[in-house]
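Each chain gets a letter, A, B and so on, in the order the sequences are listed, and its residues count up from 1. Computation of the quantities below employed the complete heavy-atom set of this structure, encompassing side-chain atoms and omitting hydrogens, waters and symmetry-equivalent molecules. All figures in this text were calculated on a predicted structure; none of them were measured in a lab.
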Protein chains: 2
Amino acid sequence: MKAQDYPRPAVAVDLVIFTVLDADLKLLMVRRREDPFSGCWALPGGFVRVGAAADQGEDLDEAARRELTEETGLPARSVFLEQFHAFGRAGRDPRMRVISVAYYALVSPELAPFAVAGGDVAAVRWFSLSELPAAELAFDHAEIIAVAASRIRRSLDSTSIALELVPRSFSIAELRAVHEAIDGVTHDPANFRRRFLRMVADGLIEEAPGQRVTGKRRAKVYRFRRPRT
Amino acid sequence: MKAQDYPRPAVAVDLVIFTVLDADLKLLMVRRREDPFSGCWALPGGFVRVGAAADQGEDLDEAARRELTEETGLPARSVFLEQFHAFGRAGRDPRMRVISVAYYALVSPELAPFAVAGGDVAAVRWFSLSELPAAELAFDHAEIIAVAASRIRRSLDSTSIALELVPRSFSIAELRAVHEAIDGVTHDPANFRRRFLRMVADGLIEEAPGQRVTGKRRAKVYRFRRPRT
DNA sequence: ATAATAGTGTCTATTAGACAATATCCT
DNA sequence: AGGATATTGTCTAATAGACACTATTAT
């Protein structure tokens, strides 16, 4: 039996799209319009396009960006997107064997309101992690979400992902709020500030023009020293 | 067009199997016996078994353990195995679209000599990272290896993976040698010792009976406080 | 005795965290 | 003026890293 003749699974990409709104970590779910799980909330995603013969189709990252745009309307270029795990348990899709490569996406709060239902999606909605309707989640998406959340929590300290969840220019308090929303603890403003200023000294962050006016004392604003779109 | 009717990719698992021998980080490659890349060195691995209808086949982790045993003869139960990335670039297999879910495995040096060629493999061999025959590597396996190596280097400090690469009972110097082999730097014995003793204090590691006789001064030996097979 | 490695002690610099105090800005 | 937040200062404990030193054992 040749390799080409083995039965094959379907392969999909699923997206766990995070943002921080109202000082809370939220993720974007879509309401399914078709069976299975019609009417349930699911992660945005879809099948990877696999060509035939000479054209072998799109890459995984490409598929993820395409689904992001198709189903949520978010501008793929401005969104941080990273693959984190493949889920392939037998039976996770009742129709057939489906292996899903999962990505997490980080969307700045400025962009979050622009998510709209597209493709074959009935609606989109930002959910707090705690308010997810556990009983109405499609497939094994609850498990995928749990893995994604623990992954970004673990990466919070060792990477600069928090900077992807903040407006283009931001105050120290705003970045602190993102950290607090993600890991659920509160940070001392003075101590957080010192760590932050080290990042400025390291050249990762720089002062930006303008100030943040919140109704109280004004704060300096900063920006990530890296081309953002 | 129904979901079931889309063209599908083949899905494989590939294993990057590490051990530490002669104070050097090594990985296990197999020599291919069939085209494509017949005669080349490749990562152990193979296609995921996908059933039909009611039986949807084996899980990804299951497939990884199966291939580990089939192709290398290593005892799957005693090997640390973790998925780290899916590779799916179009064209990475000339025959057809193949998406490969990659795992890294950590094998204690006691077990490493028991690797033998099995299945449709012509030979197995432990390679140092630096002596890999770059020109004779199959598919995109060089890239997969690079990602795996950088991943375990990054995890070295935040996890206890080094403990998977050491004999059942080990001296502090042996664990230090593993760290040095993986990240390529040397550690001050005194400072490394202090960090190590904190792990003992935390209950992660405990003293083991016996001593390590190296020809010089004898060293105490320790063991990971966790059932090992 | 010597060489080599195991193991101890000490000093400095960096960092996290707790917390007090001051500065600025809006109402 | 008063409340809230930004910002600065100070103290303590934990840790990494450099490095000198002592202890043990094979040869």
Side-chain angles (χ1 to χ4, degrees), chain A residues 20 22-23 109 153-160 162 166-167 169-223, chain B residues 20 22-23 109 153-160 162 166-167 169-223:
Chain A
V20 171
D22 309 325
R153 286 193 177 110
R154 270 218 316 272
S155 318
L156 190 56
D157 288 320
S158 51
T159 71
S160 51
V166 111
S169 83
F170 56 92
S171 68
I172 300 184
E174 284 165 344
L175 186 67
R176 178 161 48 87
V178 167
H179 272 84
E180 294 179 344
I182 293 179
D183 62 17
V185 306
T186 60
H187 295 284
D188 181 283
N191 296 334
F192 188 89
R193 175 188 194 74
R194 266 202 323 240
R195 287 199 320 199
F196 182 88
L197 291 179
R198 257 196 300 281
M199 291 197 284
V200 177
D202 293 347
L204 183 63
I205 286 168
E206 64 186 359
E207 267 193 58
Q211 297 182 311
R212 185 65 79 247
V213 181
T214 60
K216 313 292 169 177
R217 178 175 174 181
R218 290 174 181 171
K220 281 185 190 163
V221 292
Y222 298 83
R223 65 178 164 218
Chain B
V20 171
D22 308 325
R153 287 194 177 109
R154 270 218 317 273
S155 319
L156 190 56
D157 288 321
S158 51
T159 71
S160 49
V166 113
S169 82
F170 56 92
S171 68
I172 299 184
E174 285 166 344
L175 186 66
R176 179 160 48 88
V178 167
H179 272 82
E180 293 178 344
I182 293 178
D183 61 19
V185 305
T186 60
H187 295 283
D188 180 284
N191 296 332
F192 188 89
R193 175 188 193 73
R194 267 203 322 243
R195 286 199 323 201
F196 182 89
L197 291 179
R198 258 196 300 281
M199 289 197 284
V200 177
D202 293 347
L204 183 63
I205 287 169
E206 63 186 0
E207 266 192 59
Q211 297 181 313
R212 184 65 79 247
V213 180
T214 60
K216 312 293 169 177
R217 177 174 175 181
R218 290 174 180 170
K220 281 186 189 165
V221 293
Y222 298 82
R223 65 179 164 216

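- Across the helix from dA1(C)-dT27(D) to dT27(C)-dA1(D), the helix axis at one end is tilted relative to the axis at the other end by 0° (nearest 10 degrees, each axis from five pairs).
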Below 3.5 Å is the cut-off: list the nitrogen or oxygen pairs between protein and nucleotides 25-27 of chain C, distance only.
{"residue": "dC26(C)", "atom": "OP1", "partner": "Arg218(A)", "partner atom": "NE", "Å": "3.0"}
{"residue": "dC26(C)", "atom": "OP1", "partner": "Arg218(A)", "partner atom": "NH2", "Å": "2.9"}
{"residue": "dC26(C)", "atom": "O4'", "partner": "Gly215(A)", "partner atom": "O", "Å": "3.0"}

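- For the contact set between residues 179-198 of chain A and DNA chain C, defined by any heavy atom under 4.0 Å, the members are Asp188(A), Ala190(A), Asn191(A), Arg194(A), Arg195(A), Arg198(A).
- Residues Ser169(B) and Arg212(B) are in side-chain contact: their nearest non-hydrogen atoms beyond the backbone lie under 4.5 Å apart.
- At the heavy-atom level, Arg176(A) lies under 4.0 Å from the strands shown only through sugar-phosphate atoms.
- The side-chain hydrogen bond (donor to acceptor under 3.5 Å, both in side chains) check on Arg218(A) picks up nothing, with sequence neighbours excluded.
- To the nearest 0.5 angstrom, Ile172(B) atom CD1 is 8.5 Å from Lys220(B) atom NZ.
- Rounded to an integer number of Å, the gap from Lys220(B) NZ to dA23(D) C1' is 13 Å.
- Within the structure, ring pair (Phe, Tyr, Trp, His ring centres under 6.0 Å) contacts touching residues 193-212 of chain B (residues at least two apart or in different chains) are Phe196(B)-Tyr222(B).
- Note on residues 199-208 of chain B: pairs passing side-chain hydrogen bond (donor to acceptor under 3.5 Å, both in side chains), not counting sequence neighbours, are Glu206(B)-Arg223(B), Glu206(B)-Arg225(B).
- Straight-line distance from the CG atom of Leu175(B) to the C1' atom of dA6(C): 15 Å, rounded to whole Å.
- Shown here for Pro109(B) and Val20(B), the closest heavy-atom pair between the two residues is CB-O, 3.6 Å.
- Judged by distance alone, the side chain of Glu180(A) and the main-chain N or O of His187(A) form a donor-acceptor pair under 3.5 Å.
- Side-chain contact check for Arg194(A) versus Asp188(A): every heavy-atom pair is 4.5 Å or farther apart.
- Between the CD atom of Glu174(A) and the OG1 atom of Thr214(A) there is a distance of 9.0 Å, given to the nearest 0.5 Å.
- Summarising the geometry, atom CG belonging to Leu197(A) is positioned 9.5 Å from atom CD1 belonging to Ile205(A); distances are rounded to the nearest 0.5 Å.
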